**Student:** 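One structure, pasted below without further comment.
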Amino acid sequence: TPSASAGELSSRTSASPFANVRVSRCRMGRRELVGRIISNAMNKTVLVSVTRTFRHAKYPKLLRKTKNFMTHDESNVGKVGDTVRIQESRPLSARKRWVLLDVVRQASVPLDGPRIHPSPIVQARDARLRKTPLTHKEA
């Protein structure tokens with residue numbers, strides 16, 4: 001309402017669904033969230049996954065919700081698995097309304113690294129499922 005004071009407005013806006021996620025307010029009330037990069041396949045854009053936990057209103061159970069945000073990464077510094085801080089901004093495209101601020105922690109092992117070859121037991125099982133005989137090299 002127009003007659004609401006500034007204190008009432010700030011208490012209303014702080015009751016967001018991301019209340020228990022590491023959210024901080026900066027200039028002009030822009031939210032900041034911390035999440036993990038799950039995709040960097042696009043140019044100057046990363047997909048950041050933010051997970052929040054909360055208690056169910058009726059039943060005493062902790063629930064976990066995850067939301068993905070398309071985030072602008074001007075210098076393409078974000079890698080898959082990095083923990084990053086993002087900030088709300090003006091609409092940059094049809095789905096992009098967040099900007100990457102900084103990398104909080106880099107991924108220790110790249111999630112899209114080289115695949116480990118399966119053991120001979122797993123290869124034999126897969127061959128049985130495919131119903132094709134194993135060659136001497138695979139065994």
Side-chain angles (χ1 to χ4, degrees):
T1 62
S3 64
S5 69
E8 291 176 9
L9 288 177
S10 65
S11 66
R12 255 189 260 144
T13 56
S14 64
S16 74
F18 297 98
N20 60 351
V21 179
R22 286 183 255 170
V23 178
S24 62
R25 298 246 179 213
C26 58
R27 72 167 207 163
M28 302 275 295
R30 292 183 178 177
R31 291 185 296 166
E32 289 182 2
L33 300 174
V34 175
R36 179 163 288 166
I37 295 179
I38 57 174
S39 172
N40 63 348
M42 299 155 282
N43 187 26
K44 295 189 178 182
T45 303
V46 292
L47 189 63
V48 177
S49 175
V50 176
T51 303
R52 66 184 179 98
T53 56
F54 61 97
R55 188 171 294 278
H56 191 275
K58 185 174 181 182
Y59 304 108
K61 179 173 182 165
L62 285 175
L63 300 175
R64 185 181 304 145
K65 289 252 186 188
T66 302
K67 188 168 182 180
N68 297 334
F69 296 97
M70 299 285 278
T71 304
H72 183 66
D73 181 9
E74 181 65 35
S75 54
N76 283 326
V77 295
K79 305 286 185 254
V80 175
D82 288 351
T83 302
V84 295
R85 198 162 46 105
I86 60 175
Q87 180 185 35
E88 206 171 21
S89 71
R90 65 181 175 83
L92 299 168
S93 69
R95 297 175 52 205
K96 200 162 46 164
R97 278 132 174 82
W98 295 82
V99 176
L100 181 81
L101 288 181
D102 61 343
V103 177
V104 175
R105 189 177 73 220
Q106 291 186 344
S108 57
V109 177
L111 297 179
D112 53 353
R115 295 196 57 173
I116 299 171
H117 296 290
S119 68
I121 297 170
V122 173
Q123 288 179 353
R125 182 201 64 204
D126 290 345
R128 278 197 310 271
L129 293 175
R130 286 192 312 261
K131 295 185 179 173
T132 57
L134 277 175
T135 63
H136 182 65
K137 278 188 169 181
E138 290 179 341

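We're numbering straight along the sequence, starting at 1. Since this is a predicted model, take the numbers as computed values, not measurements.
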**Student:** Please find the pair of heavy atoms, one from Thr71 and one from Leu100, that lie closest to each other, and give the distance.
**Tutor:**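 In terms of heavy atoms, the two residues are closest at CG2-N, 3.3 Å.
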**Student:** When you compare the side chain of Leu47 with that of Phe69, does any pair of heavy atoms fall below 4.5 Å?
**Tutor:**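 Heavy-atom side-chain distance check fails, nothing below 4.5 Å.
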**Student:** Salt bridge (charged side-chain N to carboxylate O under 4.0 Å, His left out) between Glu74 and Lys44: does it pass, once the steps are laid out?
**Tutor:** CA-CA 5 Å; Glu74 181 65 35; Lys44 295 189 178 182; 3.2 Å; yes
**Student:** Among all residues two or more places apart in sequence or in another chain, which pass the side chain to side chain donor-acceptor pair (under 3.5 Å) test with Lys96?
**Tutor:**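 Testing Lys96 for side chain to side chain donor-acceptor pair (under 3.5 Å), a comparison that skips the adjacent residues, returns Thr45, His72.
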**Student:** How far apart are the closest heavy atoms of Val50 and Gly35, and which atoms are they?
**Tutor:**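 For Val50 versus Gly35, the nearest heavy atoms are CG2-CA, 4.0 Å.
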**Student:** Using the rule that two of Ile, Leu, Val, Met, Phe, Trp, Tyr join whenever any of their side-chain heavy atoms come within less than 4.5 Å, decide whether Ile38 and Val84 are in one cluster.
**Tutor:**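 Hydrophobic grouping puts Ile38 apart from Val84.
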**Student:** Do you know the tightest heavy-atom contact between Ala107 and Asp82?
**Tutor:**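 Taking Ala107 first and Asp82 second, the nearest heavy atoms are N-OD1, 2.8 Å.
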**Student:** List the atom of Ala41, the atom of Ser39, and the distance in Å for their closest heavy-atom pair.
**Tutor:**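 Heavy atoms of Ala41 and Ser39 come nearest at N-OG, 3.5 Å.
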**Student:** Can you name the nearest heavy-atom pair linking Leu92 to Trp98, along with the distance?
**Tutor:**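 For Leu92 and Trp98, the tightest heavy-atom pair comes out as CD1-O, 4.2 Å.
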**Student:** Holding to side chain to side chain donor-acceptor pair (under 3.5 Å), I want the full list of residues that pass it with Ser89, two or more places apart in sequence or in another chain.
**Tutor:**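 For Ser89, no residue satisfies side chain to side chain donor-acceptor pair (under 3.5 Å) once neighbours in sequence are set aside.
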**Student:** Of all heavy-atom pairs between Thr51 and Arg64, which one has the smallest distance, and what is that distance?
**Tutor:**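 That would be CG2-CG, 3.1 Å.
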**Student:** Does the side chain of Asn76 reach to within under 4.5 Å of the side chain of Asn43, using non-hydrogen atoms?
**Tutor:**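 Yes, close enough: below the 4.5 Å cut-off.
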**Student:** Would you say that Gln106 contacts Lys79 through its side chain, given a criterion of any heavy-atom pair below 4.5 Å between the two side chains?
**Tutor:**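 In short, these two side chains do not touch, never coming nearer than 4.5 Å.
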**Student:** Indicate whether any N or O donor in one side chain lies under 3.5 Å from an N or O acceptor in the other, for Asn40 and Asp73.
**Tutor:**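 Per modelled atom types, Asn40 and Asp73 side chains form no pair under 3.5 Å.
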**Student:** Does Leu33 belong to the same Ile/Leu/Val/Met/Phe/Trp/Tyr cluster as Leu101, with side-chain heavy atoms less than 4.5 Å apart forming each link?
**Tutor:**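 No, Leu33 does not connect to Leu101 through the hydrophobic network.
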